[in-house]
A.B. asks: 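Below are the structure tokens for one structure; questions will follow.
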Amino acid sequence: NQTPLSPAGQNSVILEEGFDVAGDFPPTGWTLVQSAPDPDDTWLQTNPSDPAINFDNIDSQSLYSAMVPHEPDNDQDEWLITPEINAGGEMPTVLDCYIGTDTQFLDGATITVNVTTDDGDTWTKLWDAREDLDEIEDWQWNHVILDLDAYVDAPFKIGFQYIGVYGNLAGLDGVKVKAGLEYLYKSDFEEYAVGEMVALY
């Protein structure tokens, strides 16, 4: 058994994955569960040539993304599962990621985000592209942020599931699980002029 990933303290990134290490796929500690008969029809590490799909539009350092091509003849139920995560009771804890979809994809299949606290015996769906995205016309990266506070008291895993038949290319990138409060406002007062009033009482 692997030691669960745990926060180092407040404002910490517990898990961060950009799928950019060539040949390390699924990434170390992650699990790929494939149902499609062809190994090219499940989650893959790839770098699409279409600039509208390439994640480097969001992150200029991105080399690869995790993607699932559509399979026109067979059902797909493809899972990419994180290592076990332990937030140590820290709140708030959120999943922050980018999921790529388009309307043709949603007509034929969907991508869901799920969480398990019993190593995959049962899963709870947190997000479904078909249900939770507004209709879009073209393929695009969608910024998804999900509340994980209900799961911070015990180790958990997150599963990204592509399910359906004859959908379209789906993508995942920029995955982070973050724990602790982030600054809403920060100032060292250097931006104020000497003698300028900064507060009323």
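Numbering of residues begins at 1 and proceeds along the displayed sequence. Quick note: numbers below take in every heavy atom, side chains included, and nothing from hydrogens, waters or symmetry partners.
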A.B. asks: With the side chain counted from C-beta on, respond yes when Glu17 and Trp30 share a heavy-atom pair under 4.5 Å apart, and no when they do not.
C.D. replies: yes
A.B. asks: Rounded to the nearest 0.5 Å, how far does CG of Asp173 lie from CG of Asp20?
C.D. replies: 6.5 Å
A.B. asks: Would you mind reporting whether Thr101 and Asn142 have side-chain heavy atoms less than 4.5 Å apart?
C.D. replies: yes
A.B. asks: Grab the two heavy atoms, one from Gly100 and one from Trp139, that are nearest each other, plus how far apart they are.
C.D. replies: CA-CH2, 3.4 Å
A.B. asks: Check for me, please, whether Leu95 and Trp123 land in the same ILVMFWY cluster - side-chain distances under 4.5 Å, paths through other members count.
C.D. replies: no
A.B. asks: Please step through salt bridge (charged side-chain N to carboxylate O under 4.0 Å, His left out) for the pair Lys125 and Glu131, ending with a clear verdict.
C.D. replies: CA-CA 11 Å; Lys125 185 169 68 173; Glu131 299 170 359; 3.4 Å; yes
A.B. asks: Looking at side-chain heavy atoms only, is the closest gap between Asp24 and Gln45 below 4.5 Å?
C.D. replies: no
A.B. asks: Taking side chain to side chain contact (heavy atoms under 4.5 Å, CB included) as the test, write out the residues that go with Leu44, two or more places apart.
C.D. replies: Pro69
A.B. asks: For the atom pair CG (Asp119) and OG1 (Thr31), what is the distance rounded to the nearest 0.5 Å?
C.D. replies: 8.0 Å
A.B. asks: Are Pro26 and Leu80 side-chain neighbours, meaning at least one heavy-atom pair lies under 4.5 Å?
C.D. replies: yes
A.B. asks: With a 4.5 Å limit on heavy-atom distance, are the side chains of Asp149 and Tyr151 in contact?
C.D. replies: no
A.B. asks: Are Val144 and Trp79 connected, step by step, through hydrophobic side chains (Ile, Leu, Val, Met, Phe, Trp, Tyr) whose heavy atoms are closer than 4.5 Å?
C.D. replies: no
A.B. asks: Counting neighbours of CD on Gln61 that are heavy atoms of other residues, nucleotides or ligands and sit closer than 6.0 Å, is the number greater than 12?
C.D. replies: no
A.B. asks: Quick check for you: to the nearest 0.5 Å, what is the distance between Tyr162 atom OH and Glu71 atom CD?
C.D. replies: 9.5 Å
A.B. asks: In Å and rounded to the nearest 0.5 Å, what is the CG to CD distance from Asp102 to Gln140?
C.D. replies: 9.0 Å
A.B. asks: Would you name the heavy atoms of Ile163 and Ala109 that are closest together and state the gap between them?
C.D. replies: O-CB, 3.2 Å
A.B. asks: Decide yes or no on side-chain contact (heavy atoms from CB on, under 4.5 Å) for Leu172 and Tyr98, but give the supporting numbers first.
C.D. replies: CA-CA 6 Å; Leu172 173 68; Tyr98 286 84; over 6 Å; no
A.B. asks: Assess the pair Phe19 and Trp43: is the distance between their ring centroids shorter than 6.0 Å?
C.D. replies: no
A.B. asks: Is any side-chain heavy atom of Cys97 less than 4.5 Å from a side-chain heavy atom of Lys176?
C.D. replies: no
A.B. asks: Considering only heavy atoms from C-beta outward, does the side chain of Lys157 approach that of Val115 to under 4.5 Å?
C.D. replies: no
A.B. asks: Give, for atom CG of Asn114 and atom OG1 of Thr116, the distance between the pair rounded to the nearest 0.5 Å.
C.D. replies: 9.5 Å
A.B. asks: Identify the two heavy atoms, one from Thr28 and one from Pro83, that lie closest to each other, and give their separation to 0.1 Å.
C.D. replies: O-CG, 4.4 Å
A.B. asks: Run the numbers on Val175 and Glu16 for side-chain contact (heavy atoms from CB on, under 4.5 Å), then give the verdict.
C.D. replies: CA-CA 6 Å; Val175 178; Glu16 184 169 11; over 6 Å; no
A.B. asks: Quick one: sort the Trp141 and Phe55 rings into parallel, tilted or perpendicular, breaks at 30° and 60°.
C.D. replies: perpendicular
A.B. asks: Are Ile14 and Val94 connected in a single hydrophobic cluster, I mean Ile/Leu/Val/Met/Phe/Trp/Tyr linked by side-chain heavy atoms less than 4.5 Å apart?
C.D. replies: no
A.B. asks: Is it true that Asp41 and His70 share a donor-acceptor pair across their side chains at a distance under 3.5 Å?
C.D. replies: no
A.B. asks: Is the backbone of Trp127 close enough, under 3.5 Å, to the side chain of Thr112 for a donor and an acceptor to pair up by distance?
C.D. replies: no
A.B. asks: Answer whether the closest heavy-atom distance between the side chains of Ile81 and Phe160 falls below 4.5 Å.
C.D. replies: no
A.B. asks: Please, which pairs that meet salt bridge (charged side-chain N to carboxylate O under 4.0 Å, His left out) have at least one residue in residues 51-65, sequence neighbours excluded?
C.D. replies: none
A.B. asks: Minimum heavy-atom separation for Val177 to Thr93, with atom names?
C.D. replies: CG1-CG2, 3.9 Å
A.B. asks: Work out which heavy atom in Asp38 is nearest to a heavy atom in Gln34; give both atom names and the distance.
C.D. replies: O-NE2, 3.3 Å
A.B. asks: Does the side chain of Glu78 come under 3.5 Å of the side chain of Ser35 through a donor N or O and an acceptor N or O?
C.D. replies: yes
A.B. asks: Determine, using the 4.5 Å side-chain heavy-atom cutoff (strictly less than), whether Leu148 and Val113 are members of one ILVMFWY cluster.
C.D. replies: yes
A.B. asks: State, to 0.1 Å, how close Asp77 and Gln161 come at their nearest heavy-atom pair, and which atoms those are.
C.D. replies: OD1-NE2, 2.8 Å
A.B. asks: Any chance the side chains of Asn47 and Asn54 put a donor and an acceptor closer than 3.5 Å?
C.D. replies: yes
A.B. asks: Could you tell me the separation between the CG atom of Leu126 and the CG atom of Leu146, rounded to the nearest 0.5 Å?
C.D. replies: 6.0 Å
A.B. asks: Assigning hydrophobic clusters by single linkage (Ile, Leu, Val, Met, Phe, Trp, Tyr; side-chain heavy-atom cutoff under 4.5 Å), is Leu133 placed with Val68?
C.D. replies: yes
